[in-house]
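Report on one structure; see the data block that follows.
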Amino acid sequence: MSMETFLVRTMSDTVETDIQRVFTIANEILPRYEMPPLSFAELRKIADGPFDLFLIPLIFSKEYDKDRYLMFNEAKRVEIRRHALEIARKHGFDVHPPDFIQGIELSLKETKEAGLRNVLITTGGRRYKHQAMEKAGIGGYFEEIVDRDETYYAKEQGLYYLYRKHKLSRLRIVLVSGTATYIRAGNNTHGCKVGDTDLEVVTVALSTGHSYNDEETLRAAQPKILVRHFNELLPALKEQCLFH
């Protein structure tokens with residue numbers, strides 16, 4: 001391998017019911033603002049994590065038209081999160097970690113054996129992440145978690161954190177995600193240079209029924225690679241000569 005390679009997966013593409021929980025919570029928040037619920041197809045055009053990043057432009061659309069940074073308004077974010085937490089508690093989402101996607105353990109094992117360093121990135125906190133992964137038997141496959149402390153304002157921030165933390169002269173991040181904003185973040189951070197260090201980011205869109213966004217939305221984000229199943233990942237990376 002010509003350089004150290006981290007394979008970064010997003011939480012929403014690791015746990016099975018994540019998008020369904022987003023669907024439930026979003027559609028219980030919207031009526032509180034006298035807005036109609038979204039169809040599942042509509043949600044997958046705009047879904048993002050955390051909730052506030054895609055619900056603020058939708059709910060406060062007139063303000064957002066005048067201020068494209070409105071989703072970073074802390075008062076608005078707290079307001080949306082307060083609703084989301086209340087609904088999550090009502091459904092027991094805050095005490096019952098979701099199941100992991102079928103095939104994820106095998107995929108993690110294969111990528112680790114191929115010499116790729118598995119990392120989990122999430123815009124949520126660590127509250128249940130370690131416990132849930134250990135219970136499912138996949139915790140040992142992840143070397144580290146980049147969580148909300150590093151991704152709060154932007155997903156680029158989390159990737160940059162990983163790059164700077166390891167202080168390698170050359171680092172490659174293979175970012176696998178079914179969320180378009182992660183794909184764009186990876187493309188934005190590709191080519192970052194600090195001093196004599198270089199960062200390469202290879203974006204891989206994972207288009208499945210569990211993905212936050214549909215395939216059309218993912219393709220619009222311009223990933224370097226698109227796969228539709230975990231078993232397509234390593235062959236696609238090998239075809240691009242990203243590992244030996």
Side-chain angles (χ1 to χ4, degrees), residues 10-101 120-129 131-132 146-158 177-185 207-218 220-221:
T10 54
M11 193 66 188
S12 55
D13 300 294
T14 306
V15 293
E16 186 172 55
T17 56
D18 205 49
I19 185 62
Q20 295 297 333
R21 293 181 179 212
V22 172
F23 185 54
T24 297
I25 293 174
N27 278 340
E28 290 192 27
I29 289 177
L30 291 173
R32 299 182 180 194
Y33 293 91
E34 299 182 348
M35 297 185 68
L38 297 166
S39 69
F40 191 64
E42 289 172 331
L43 175 73
R44 295 187 80 209
K45 292 293 183 187
I46 62 172
D48 195 5
F51 291 98
D52 32 316
L53 291 186
F54 82 90
L55 286 178
I56 287 173
L58 185 65
I59 292 170
F60 306 102
S61 58
K62 290 183 180 179
E63 292 180 63
Y64 179 70
D65 286 342
K66 297 176 183 177
D67 179 8
R68 293 291 169 168
Y69 294 99
L70 189 69
M71 74 276 282
F72 301 118
N73 180 295
E74 194 59 27
K76 292 280 195 292
R77 297 188 78 172
V78 169
E79 179 179 332
I80 296 298
R81 288 201 303 272
R82 186 173 63 248
H83 288 306
L85 183 58
E86 177 191 329
I87 294 164
R89 284 174 174 164
K90 181 180 75 172
H91 290 281
F93 294 162
D94 66 326
V95 293
H96 300 297
D99 295 327
F100 288 87
I101 294 173
L120 183 72
I121 190 168
T122 173
T123 55
R126 294 172 184 254
R127 194 172 179 188
Y128 299 104
K129 305 298 190 291
Q131 293 176 359
V146 178
D147 71 359
R148 181 176 175 167
D149 287 347
E150 290 84 37
T151 60
Y152 186 66
Y153 286 107
K155 295 174 175 66
E156 287 89 345
Q157 179 187 357
S177 181
T179 305
T181 53
Y182 269 116
I183 300 300
R184 287 194 287 270
S207 180
T208 73
H210 303 292
S211 303
Y212 266 29
N213 299 126
D214 60 23
E215 186 164 319
E216 181 182 44
T217 304
L218 289 171

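From a predicted model like this one, the values you see are computed outputs, not experimental measurements.
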Please round to the nearest 0.5 Å and tell me the distance separating atom [atom1] of [X] and atom [atom2] of [Y].
X    : Y    : atom1 : atom2 : answer
Y182 : L218 : OH    : CG    : 13.5 Å
S12  : I101 : OG    : CD1   : 8.0 Å
D52  : E74  : CG    : CD    : 8.0 Å
R81  : F51  : CZ    : CZ    : 11.5 Å
F93  : L85  : CZ    : CG    : 12.5 Å
I19  : R21  : CD1   : CZ    : 12.5 Å

Task: M11 side chain reached by L120 side chain, heavy atoms, under 4.5 Å - done: yes

Open item on the list: Just so I know, are the side chains of F72 and L53 near enough to count as touching, which here means a heavy-atom distance under 4.5 Å?
Closed with: yes

When the side chains of residues 54-70 are checked against the rest of the protein, which donor-acceptor pairs come out under 3.5 Å, sequence neighbours left out?
from	atom 1	to	atom 2	distance (Å)
E63	OE1	K76	NZ	3.3
D67	OD1	Y69	N	3.0

Please report, to 0.1 Å, the donor-acceptor pairs under 3.5 Å made by any side chain of residues 22-49, with sequence neighbours excluded.
from	atom 1	to	atom 2	distance (Å)
T24	OG1	Q20	O	3.1
N27	OD1	L38	N	2.6
N27	ND2	L38	O	2.9
E28	OE1	K90	NZ	2.6
E28	OE2	H91	NE2	2.6
R32	NH1	H83	ND1	2.9
R32	NH1	E86	OE1	3.3
R32	NH2	E86	OE2	3.1
Y33	OH	E79	OE2	2.4
Y33	OH	H83	NE2	3.1
S39	OG	E42	N	3.1
S39	OG	E42	OE1	3.4
E42	OE1	S39	N	2.8
R44	NE	S211	O	3.1
R44	NH2	T208	O	2.8
R44	NH2	S211	O	3.1
R44	NH2	N213	O	3.3
K45	NZ	D214	OD2	2.9
K45	NZ	E216	OE1	2.3
D48	OD1	K155	NZ	2.9
D48	OD1	T181	OG1	2.7
D48	OD2	T181	OG1	3.4

Open item on the list: Looking at every heavy atom in both A221 and A180, which two are closest together, and how far apart are they?
Closed with: CB-O, 3.7 Å

